[in-house]
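Input: a single structure, listed below in structure tokens.
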Amino acid sequence: MTEQFPMSNCLERTSSHPKDVLLRSDRLPHIWCPGCGIGIVLGAYVSALQSSSYPIEKQICISGIGCTGRISGYLTLDTYHTTHGRAIPFATGLATVRPDLEVTVIGGDGDLSTIGGNHLIHAARRNVDINVIMVNNFNFGMTGGQHGSTTPQGAKTRTSPYGNAEMPFNVPLLVAAAGAQFVARWTTMHVKQLQEAISRMMEIKGFAFLEVLSPCTPTFGKYNGYPDALDMMKHFRDKAVIDNNADLSKIAVSARPEDPIVVGNFVNRKRPSYQELLQGLRANSSMGGLGQK
Ligand code: SF4
């Protein structure tokens, strides 16, 4: 945990907004482009923190590299800004040795499902008790707009100027198939649902995943029919269809503007978490582990 602020300091600060107490206002203005959706996700996360039953000292935020990865630097919690694609293994280690902490990973699609895709599916398979919030802007925004594992087929980016030839990951389907306990998708237009989903994730003992579809005008929107920051938000508003019981195999995000965007809290199930299984194995072992007498 790199930046640690005594909580007493945070609570004594004069705040002009209820969320200020959890934000490092000395770091503002933030780096995000006008109209970027990442600030909305940060706001929803802070609201969920403030309504959580966990004390703030037990809340940890871990991020990787990219525009979304900068979230950890704006929070007064214990946070860690890891290397590209490696936020989930860091969170897995921390949450395993300190199961009393509430660990949340926040990252972009490039960070979590492209560079770090392997870690994502294995954390879901193990049912590690962490929350993963993936802000999906359909490209690598910070590095100039390369296509990645979530870029819709046919969408244009700087590295797919004639349209993306690759089939993208449908990440909710991927993590649900791998065993995630809670899987949801919302957009940055669904502020209330975002906050409620994050609050639910904090109460779940197991791997909880939220995809947030988010506008990125300079490196994605302007090449795909959304030249202004508001255009993609209007697209989310007009095309979002809430279906909590959706067939996840049919909810891939399309590059065609006429296609619906299916959102909802899709999966909510219960199985023992990785931490619970480890504790059970230790408690039930009368012989001791390998190498012990
Ligand atoms: Fe947001 Fe895209 Fe700008 Fe990054 S490049 S800050 S994701 S709008």
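Both ligands and their constituent atoms are indexed starting at 1 by order of listing. This chain uses plain numbering: 1 for the first residue, then up along the sequence. All values derive from a computational prediction rather than experimental measurement.
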Checklist entry - For S72 and T79, does a side-chain donor sit closer than 3.5 Å to a side-chain acceptor? => result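 Judged by distance alone, the side chains do not pair up.
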
Item to check | Intermediate values then yes/no, side-chain hydrogen bond (donor to acceptor under 3.5 Å, both in side chains), S52 and E102 | outcome: CA-CA 10 Å; S52 170; E102 185 59 22; over 6 Å; no

Checklist entry - What's the count of protein N, O or S atoms under 2.8 Å from atom 4 (Fe) of ligand 1? => result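 For atom 4 (Fe) of ligand 1, protein nitrogen, oxygen or sulfur atoms under 2.8 Å: 1.
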
Checklist entry - What's the verdict on salt bridge (charged side-chain N to carboxylate O under 4.0 Å, His left out) for K58 and D100, showing C-alpha distance, side-chain angles and the deciding distance? => result CA-CA 7 Å; K58 297 273 186 188; D100 57 311; 2.8 Å; yes

Next on the checklist: Using side-chain hydrogen bond (donor to acceptor under 3.5 Å, both in side chains), reason through H147 and T159 one step at a time and then give a plain yes or no.
Outcome noted: CA-CA 6 Å; H147 72 288; T159 53; 2.7 Å; yes

Next on the checklist: Going by side-chain hydrogen bond (donor to acceptor under 3.5 Å, both in side chains), N136 matches just one of T151, T150, T187. Which one?
Outcome noted: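 Of T151, T150, T187, side-chain hydrogen bond (donor to acceptor under 3.5 Å, both in side chains) with N136 is met by T150 alone.
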
Item to check | Derivation and outcome, salt bridge (charged side-chain N to carboxylate O under 4.0 Å, His left out), residues E196 and R200 | outcome: CA-CA 6 Å; E196 288 171 353; R200 281 176 74 173; over 6 Å; no

